[in-house]
Amino acid sequence: MLKPLFMEPYFNIKDWGGTRLASVYGKRIPSDHTGESWEVSAHPMGVSRCEGKTLPEWIDEYGAALCGTEVQGEFPLLIKLIDAREWLSVQVHPDDAYAQRVEGDPYGKTEAWVVLDCDPGAQLIFGIDCDVETLRREIPEGRLEQHLKKVDVQVGDVLYIPAGTVHAIGANMLIYEVQQSSDRTYRLYAWGRNAELHIEKSLDVIDPKQGGKPIAGVPIEVEGGLREMLILDPCFALERLTAAGRMNLETDGTRFYAYTAVSEGKVIWEGGERAYRAGDSFLIPATLGKYALEGGVLYRSYYPNVKKSEAELAALGVDLARVGGKR
């Protein structure tokens with residue numbers, strides 16, 4: 001029988017990366033410039049592993065028993081931890097239709113961030129204050145920066161970033177990111193660093209209406225703790241779970257759950273249990289059945305059936321208008 005899969009991440013070294021993954025979560029990073037930890041990934045640019053096998057190998061062996069009957073085709077999600085010692089480039093991502101038509105990619109890139117650690121006064125870029133034609137005129141004149149919306153953030157803030165949103169992670173920040181399984185990025189601006197820019201493609205896909213402020217989410221009191229519904233989107237769902245006691249949960253065969261813990265606890269299932277530490281990520285297989293979380297704060301992502309999820313949340317009295325996502 002399948003059990004929770006505790007993943008070993010793929011690390012990406014970046015000029016802008018740092019050591020927060022080691023200092024905050026005790027990860028064995030390969031460099032003092034480690035920018036990304038791909039915690040749950042089947043993407044060919046960097047796969048995570050469990051017990052000597054890659055996630056794609058687990059999927060090939062167990063299929064729907066691991067991923068769920070509602071997951072068709074390629075593994076849909078990519079979970080990262082990002083350590084930004086410096087500002088990242090200002091960027092935007094295409095949606096599925098553009099990525100498939102122009103790049104031949106299976107997915108575009110809608111994503112969400114959670115601020116896990118940051119310095120006082122931390123900021124990031126989340127949107128623009130003008131239309132695309134204004135950007136087209138201003139960029140050649142070197143006036144892009146004045147149109148970027150800088151947003152103050154603190155630990156725990158959640159930002160929903162659909163394809164088309166201009167965005168950039170600020171300096172001295174540790175981020176949890178859930179996204180579609182894509183590495184397609186168009187850069188608008190690189191703060192003077194020597195990086196390839198993609199101005200025309202960026203202008204093709206920018207949606208100037210996107211951006212704004214962090215999402216508050218909707219709290220749901222459950223036995224054993226608190227469940228906060230943050231985002232429900234056709235690309236992914238994101239929740240924050242606080243297991244104050246024993247939180248009993250169950251899978252129904254239709255979907256997997258990807259967890260990243262930011263404080264310690266343990267997961268219990270029929271026939272076993274395992275402790276998790278802050279920074280650990282694990283997959284709950286779709287056919288695991290009943291399991292429980294004891295202790296800790298965790299972020300939970302999954303690939304949702306939106307109509308089914310909306311019905312489940314409505315039955316719990318959740319005001320769906322307060323939940324982030326395009327539906």
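A donor-acceptor contact closer than 3.5 angstrom is absent between the side chains of Glu70 and Tyr303. In the model, Thr260 has no side-chain atom that pairs as donor or acceptor with a side-chain atom of Tyr25 under 3.5 Å. When only modelled atom types and interatomic distance are considered, Ser309 and Arg255 share a side-chain donor-acceptor pair under 3.5 Å. Defined by atom type and a distance below 3.5 Å, a donor-acceptor pair is present between the side-chain atoms of Ser37 and Glu39. Between the side chains of Gln210 and Tyr160, no donor-acceptor pair of N or O atoms lies under 3.5 Å. For the 3.5 Å distance criterion, the side chains of Asn172 and Glu86 fail to qualify, holding no donor opposite an acceptor.
In summary, the aromatic rings of Phe256 and Tyr62 are positioned with their centroids too far apart to meet the 6.0 Å limit. Here the two rings, on Phe282 and Tyr276, have centers that are under 6.0 Å apart. Taking the six-membered ring where the residue is Trp, the centroids of His33 and Trp16 are separated by 6.0 Å or more.
The existence of a salt bridge linking Lys149 and Asp129 is excluded, since no basic side-chain nitrogen approaches an acidic carboxylate oxygen closer than 4.0 Å. Looking at Arg49 and Glu8, no side-chain N of the basic residue comes within less than 4.0 Å of a carboxylate O on the acidic one, giving no salt bridge. Taking the charged nitrogens against the carboxylate oxygens, Lys80 and Glu111 have no contact shorter than 4.0 Å, which rules out a salt bridge. Using a 4.0 Å cut-off between charged side-chain N and carboxylate O, Arg227 and Glu221 make no salt bridge. A salt bridge does not link Arg20 with Asp32: every distance from a Lys NZ or Arg NE/NH1/NH2 to an Asp or Glu carboxylate oxygen is 4.0 Å or more. A salt bridge between Lys307 and Glu310 is absent, with no side-chain N of the basic residue lying under 4.0 Å from a carboxylate O of the acidic one. Taking a cutoff of 4.0 Å between a charged side-chain nitrogen and a carboxylate oxygen, Glu273 and Lys3 do not qualify as a salt bridge.
Residue-environment remark: CZ (Arg277) stays at or below the threshold of 12 foreign heavy atoms within 6.0 Å. The number of heavy atoms from other shown groups lying within 6.0 Å of CD (Glu264) does not exceed 12. The number of heavy-atom neighbours closer than 6.0 Å to NZ of Lys308, taken from other residues, nucleotides and ligands shown, is above 12. Annotation: Gln146, atom CD; neighbour count of heavy atoms from other residues, nucleotides and ligands within 6.0 Å is above 12. Heavy-atom contacts from other residues, nucleotides or ligands closer than 6.0 Å to NZ of Lys213 number 12 or fewer. Within 6.0 Å of CD in Glu250 there are more than 12 heavy atoms belonging to other residues, nucleotides or ligands.
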*Given Gln180 and Ser182, is the side-chain hydrogen bond (donor to acceptor under 3.5 Å, both in side chains) satisfied, shown in steps?*
CA-CA 6 Å; Gln180 291 178 274; Ser182 168; over 6 Å; no

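Closest non-hydrogen pair, Lys326 versus Pro162, comes out as CE-CB, 4.0 Å.
Distance alone, capped at 3.5 Å, places no donor-acceptor pair between the Ser181 side chain and the Pro76 backbone. Looking only at distances, a side-chain donor or acceptor of Ser202 sits under 3.5 Å from a matching main-chain atom of His198. Looking only at distances, a side-chain donor or acceptor of Ser41 sits under 3.5 Å from a matching main-chain atom of Gly46. Between the Trp191 side chain and the Leu88 main chain, a donor and an acceptor come within less than 3.5 Å of each other. A distance-only check finds a donor-acceptor pair linking the side chain of Ser263 to the backbone of Val297 [under 3.5 Å]. In this structure, the side chain of Thr251 engages the main chain of Gly289 through a donor-acceptor pair within 3.5 Å. Of the possible donor and acceptor atoms, none in the side chain of Gln100 sits under 3.5 Å from a partner among the backbone N and O of Glu103.
Leu124 is not connected to Leu148 by any chain of hydrophobic side-chain contacts under 4.5 Å among Ile, Leu, Val, Met, Phe, Trp and Tyr, and they are in different clusters.
Remark: Arg240 fails to qualify as a cation-pi partner of Tyr299 under the 6.0 Å distance and 45° angle criteria applied to the six-membered ring. Both tests do not hold together for Lys27 against Trp38: distance to the six-membered ring centre under 6.0 Å, angle to the ring axis within 45°.
Within the 4.5 Å cutoff, the side chain of Leu55 has heavy atoms near those of the Met7 side chain.
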